[in-house]
Amino acid sequence: MVDVDTPPNFSRLPEPFVGALRELARTRRLLVALDFDGTLAPEVDDPEAARALPEARAAVLRLNAMPNTRVALVSGRALASLIQVSGLPDSVLLVGSHGIELRLDSPDDQIGLNTAEVTRVGVLGDVLGEVADSIDQVWLEPKPAGFALHTRLATEHDSRIAHLVALSETAAELDDLTVREGKNVLEFSVRSTTKGEALEHLREYTKATAVFYAGDDVTDEDAFAALGADDVGLKSGEGSTLANFRVPGPIDVARAINLLADLREGDVHEQ
């Protein structure tokens with residue numbers, strides 16, 4: 001545990017942010033909600049090889065063990081993938097596929113597609129499969145209610161072509177699709193959910209009096225938009241954001257949540 005008044009290992013965090021964390025740590029019931037890729041874990045070429053930084057994992061486990069404190073991962077990954085790469089205990093709440101899949105304190109909530117949705121997913125898979133097969137280093141990842149088209153290994157030119165063709169071909173075959181554009185990925189779903197809706201669900205479920213949310217992607221902006229005046233949002237990396245604070249990347253997120261754990265632990269001990 002570091003000295004919460006002058007924490008020596010957190011000098012890179014701006015003082016206004018440290019002050020916001022200090023205030024947040026005093027809340028009665030805290031929800032710490034975190035994106036995974038690019039936030040807790042550095043981005044890697046093989047998504048299944050991603051792992052949270054040791055410092056980030058340690059902070060998550062510390063916070064998760066504290067009274068009146070819940071930790072959740074909120075990810076675009078399918079729930080099964082999120083469980084595998086995070087390797088966290090069941091007491092950590094998990095949200096997969098932007099809110100379509102949940103692992104709360106009861107058994108997993110399973111998505112149940114109706115007959116029409118199953119048919120639409122099949123058509124979507126056929127269309128996107130042709131796009132992936134026709135462009136080098138582009139691949140398709142199945143999701144519970146759709147697919148993600150990954151282009152991170154493709155050239156910039158091929159990635160742009162894949163995005164344009166995928167958007168055009170899916171629009172010609174299917175209407176009312178939910179499409180999310182992330183970092184070198186396009187996600188298509190026959191159901192509409194956002195990380196903001198997922199965060200509101202988690203807030204209600206945990207009865208949180210304040211929320212800390214950290215994320216790095218365009219899809220995390222929906223969560224930042226759902227934060228209130230007593231909450232704190234942290235953007236990891238570059239890009240425009242609604243978050244009220246920003247750090248360069250995952251190592252700084254790890255520093256931030258370790259500091260939050262120190263501050264929260266000190267507050268709990270004083271109560």
Taking all non-hydrogen atoms of both residues, which atom of [X] and which atom of [Y] are closest, and how far apart?
X: Ser81; Y: Glu48; answer: OG-OE2, 3.0 Å
X: Glu101; Y: Leu79; answer: OE1-N, 2.7 Å
X: Pro89; Y: Asn64; answer: CG-ND2, 4.2 Å
X: Glu187; Y: Ala148; answer: CG-CB, 3.8 Å
X: Gly129; Y: Leu140; answer: N-CD2, 3.7 Å
X: Ala56; Y: Ala254; answer: N-CB, 3.7 Å

- Leu93 and Leu73: CA distance, side-chain angles, deciding distance, side-chain contact (heavy atoms from CB on, under 4.5 Å) verdict: CA-CA 6 Å; Leu93 308 174; Leu73 300 190; over 6 Å; no
[X] and [Y]: side chain donor to acceptor below 3.5 Å:
X: Ser236; Y: Thr39; result: no
X: Arg264; Y: Thr69; result: yes
X: Glu197; Y: His98; result: no
X: Thr151; Y: Ser159; result: yes

Flag side-chain contact, heavy atom, 4.5 Å: [X] against [Y]:
X: Asp230; Y: Thr27; result: no
X: Trp139; Y: Leu153; result: yes
X: Arg51; Y: Leu40; result: no
X: His163; Y: Asp158; result: no
X: Leu149; Y: Val131; result: yes
X: Thr194; Y: Leu199; result: no
X: Leu177; Y: Ser189; result: no
X: Leu88; Y: Arg57; result: yes

- Go through the steps to decide whether Arg120 and Asp175 satisfy the test side-chain contact (heavy atoms from CB on, under 4.5 Å), and finish with yes or no. CA-CA 10 Å; Arg120 284 164 59 80; Asp175 57 7; 3.6 Å; yes
Same cluster or not: [X] versus [Y], using hydrophobic residues (I, L, V, M, F, W, Y) connected whenever any side-chain heavy atoms lie under 4.5 Å apart?
X: Val85; Y: Val185; value: no
X: Val18; Y: Leu30; value: yes
X: Leu263; Y: Val60; value: yes
X: Leu13; Y: Leu53; value: no
X: Val121; Y: Val179; value: yes

- Do other residues, nucleotides or ligands put more than 12 heavy atoms under 6.0 Å from the CD atom of Glu238? no
Rounded to the nearest 0.5 Å, how far does [atom2] of [Y] lie from [atom1] of [X]?
X: Ile161; Y: Ser134; atom1: CD1; atom2: OG; answer: 10.0 Å
X: Thr219; Y: Asp35; atom1: OG1; atom2: CG; answer: 6.5 Å
X: His150; Y: Asp45; atom1: NE2; atom2: CG; answer: 12.0 Å
X: Leu104; Y: Asp90; atom1: CG; atom2: CG; answer: 12.0 Å
X: Glu200; Y: Leu227; atom1: CD; atom2: CG; answer: 8.5 Å
X: Arg246; Y: Asp216; atom1: CZ; atom2: CG; answer: 11.0 Å

With distance as the sole test, does [X] use its side chain to make a donor-acceptor pair with the main-chain N or O of [Y] at under 3.5 Å?
X: Thr241; Y: Ala243; answer: yes
X: Ser86; Y: Leu82; answer: yes
X: Asn258; Y: Glu55; answer: yes
X: Asp231; Y: Val211; answer: yes
X: Arg203; Y: Leu31; answer: no
X: Thr170; Y: Leu167; answer: yes
X: Lys143; Y: Gly76; answer: yes
X: Asp217; Y: Asp220; answer: no
X: Arg77; Y: Val74; answer: no
X: Asp37; Y: Glu43; answer: no

- Query: After noting the C-alpha distance and the side-chain angles of Arg26 and Glu23, does the key distance pass the salt bridge (charged side-chain N to carboxylate O under 4.0 Å, His left out) rule?
  - Reply: CA-CA 6 Å; Arg26 299 188 181 107; Glu23 184 66 27; 3.0 Å; yes
- Item | Asp105/Arg70 salt bridge by N-O under 4.0 Å criterion | yes
- Would you call the rings of Phe224 and Tyr213 parallel, tilted or perpendicular, where under 30° means parallel and over 60° means perpendicular? perpendicular
- Task: Please find out if less than 6.0 Å separates the ring center of Phe17 from that of Phe245.
- Result: yes
- Task: Apply side-chain contact (heavy atoms from CB on, under 4.5 Å) to Arg191 and Thr178, showing your working.
- Result: CA-CA 7 Å; Arg191 282 192 178 176; Thr178 296; over 6 Å; no
- Verdict with supporting geometry, Asp222 and Lys195, salt bridge (charged side-chain N to carboxylate O under 4.0 Å, His left out): CA-CA 6 Å; Asp222 292 317; Lys195 289 183 178 180; over 6 Å; no
- Query: Would Glu169 and Glu130 satisfy side-chain contact (heavy atoms from CB on, under 4.5 Å), going step by step from the backbone distance to the final call?
  - Reply: CA-CA 10 Å; Glu169 294 295 323; Glu130 290 184 4; 5.9 Å; no
